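Below is one structure, written out as structure tokens; the observations come after it.
Just so you know, ligand 1 is whichever comes first in the structure, and atom 1 is the first atom listed for that ligand. What you are looking at is a predicted structure, and each value in this text was computed from that prediction instead of being measured.
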Amino acid sequence: MPMTILSLLFTLIIIITYSSALKQLITQKQISEIKTDFINNMTHEFKTPIATINLALDAIKNPKIIDDKEKVQKYLQMIKDENKRMHAQVENVLRISKLERNELEIKKEPHQINDFIQEAIDHVSLILEDRGGEVQTHFNATRNTVLLNDVHFTNVLVNILDNAMKYSMEKPVITISTENIKDFVVIKIQDNGIGMSKAAQKKVFEKFFREHTGDLHNVKGHGLGLAYVKQIVDDHNGQVFVESEKGKGSTFIIKLPLIN
Ligand code: ADP
């Protein structure tokens with residue numbers, strides 16, 4: 001998504017947010033801070049779908065694939081799905097009438113978490129394939145109905161999966177499991193990546209925190225993805241933690257309340 005569209009979106013949001021309260025004075029500095037924050041967040045959210053669309057387009061252009069109708073259909077469907085997700089994201093933002101995070105109300109509906117996770121995996125499958133990686137799933141939760149906001153919770157899972165691929169020196173192997181503990185469903189997303197220090201584990205959900213990645217160079221980011229993850233999980237009355245060992249990989253654990 002080009003920056004100009006993001007800037008335009010931002011302007012719209014500022015108008016929507018503040019038109020009913022024109023008398024309220026916002027300083028130039030506040031606007032500038034909100035704008036930077038917003039653009040960083042949105043840019044982060046659009047990175048994975050854009051990468052998937054690019055890979056799908058490259059695949060379709062491949063002379064070996066162009067005559068395989070089934071594969072072309074599969075890649076076209078992926079492009080459509082990613083496009084839909086970005087569109088939903090934009091719509092969501094436009095509907096937001098208050099920018100302050102803790103005042104955002106996001107609509108949630110019942111979902112089967114195991115199916116929901118599988119769909120999130122589909123969003124990153126092309127990138128994972130491209131990196132020669134794989135995902136293993138162990139859906140052990142038998143009670144798995146939870147209240148989720150479709151777009152935001154997909155982003156939560158995609159952010160964690162995206163990091164699992166990004167912060168890895170090897171071919172990423174990601175293991176995802178679900179289980180029931182009391183009236184919760186516990187989701188574990190384990191990677192074989194570079195891991196993180198104890199100090200980083202404490203700070204990783206804070207805004208703008210990034211750890212030095214050692215030999216893994218050029219990993220781009222703003223340190224906002226996991227802050228967003230925590231914000232959304234909190235909003236779902238859930239909890240998110242990380243367990244990690246440097247050089248051995250990380251496991252992100254999300255606990256969500258069941259609704260039946
Ligand atoms: P970003 O990836 O844009 O820097 P995040 O908020 O998603 O922002 O992550 C914050 C930091 O946490 C990263 O910069 C990285 O140092 C660390 N991190 C996140 N996920 C992982 C992971 N799966 N393995 C190792 N380190 C990670």
Side-chain angles (χ1 to χ4, degrees), residues 1 3 6 33 35-52 85-86 89 101 104 117 120-121 123-125 127-128 130-137 151-178 186-236 238-255:
M1 164 139 308
M3 276 308 192
L6 286 173
E33 275 170 13
K35 183 172 178 176
T36 309
D37 218 30
F38 173 76
I39 290 176
N40 282 342
N41 262 316
M42 290 299 280
T43 309
H44 193 93
E45 296 328 312
F46 284 113
K47 262 189 336 200
T48 311
I50 288 171
T52 301
R85 199 156 74 86
M86 287 198 285
Q89 185 85 298
R101 296 220 156 100
L104 293 188
I117 293 172
I121 296 171
H123 284 290
V124 298
S125 61
I127 301 174
L128 193 63
D130 193 54
R131 298 272 318 267
E134 60 176 289
V135 180
Q136 292 160 3
T137 51
V151 171
H152 285 291
F153 210 80
T154 300
N155 286 337
V156 162
L157 297 172
V158 169
N159 266 326
I160 295 175
L161 292 171
D162 198 30
N163 280 347
M165 296 186 285
K166 236 168 53 169
Y167 297 106
S168 172
M169 306 277 278
E170 337 230 326
K171 292 183 175 174
V173 177
I174 304 170
T175 309
I176 307 182
S177 68
T178 60
V186 177
I187 309 161
K188 291 189 180 164
I189 304 172
Q190 184 187 13
D191 66 51
N192 62 337
I194 58 172
M196 53 183 106
S197 65
K198 286 269 171 282
Q201 288 170 51
K202 287 202 186 114
K203 294 190 136 196
V204 89
F205 296 103
E206 288 175 16
K207 260 167 90 178
F208 303 114
F209 174 81
R210 302 200 77 210
E211 186 173 49
H212 184 60
T213 50
D215 291 339
L216 190 64
H217 301 297
N218 285 329
V219 191
K220 295 202 173 67
H222 301 280
L224 288 168
L226 290 177
Y228 168 78
V229 162
K230 181 161 167 35
Q231 180 203 328
I232 299 301
V233 173
D234 284 351
D235 189 84
H236 284 73
Q239 287 170 291
V240 57
F241 323 90
V242 64
E243 287 171 0
S244 181
E245 203 175 322
K246 214 140 174 90
K248 295 228 165 127
S250 310
T251 304
F252 283 85
I253 302 161
I254 299 176
K255 210 171 148 188

Would a 4.5 Å heavy-atom cut-off, applied to side chains only, mark [X] and [Y] as touching?
{"X": "Glu243", "Y": "Ile253", "result": "yes"}
{"X": "Asn159", "Y": "Leu226", "result": "no"}
{"X": "Phe153", "Y": "Ile254", "result": "yes"}
{"X": "Asp191", "Y": "Pro172", "result": "no"}

For the atom pair OH (Tyr228) and NE2 (His152), what is the distance rounded to the nearest 0.5 Å? 5.0 Å
Residue-level breakdown please: for Asp191 versus ligand 1, do any non-hydrogen atoms fall below 4.0 Å on the side chain, on the backbone, on both, or on neither? side chain
From atom 26 (N) of ligand 1, work out which of Met196, Lys47, Gln190 has a heavy atom at the shortest distance. Met196
At the 4.0 Å heavy-atom cut-off, does Gly193 count as touching ligand 1? no
Sub-4.0 Å heavy-atom approach of Lys166 to ligand 1: yes
Heteroatom distance test (Gly225, ligand 1): nitrogen or oxygen, under 3.5 angstrom: yes
Considering both backbone and side-chain atoms of Leu226, is one of its nitrogen or oxygen atoms within less than 3.5 Å of a nitrogen or oxygen in ligand 1? yes
As an exercise, identify every atom of ligand 1 less than 4.0 angstrom from a heavy atom of Phe209. 10 (C), 11 (C)
Under a 4.0 angstrom heavy-atom cut-off, which atoms of ligand 1 come close to Arg210? 1 (P), 4 (O), 14 (O)
Flag yes if more than 12 heavy atoms outside Lys246 fall under 6.0 Å of its NZ atom; otherwise flag no. yes
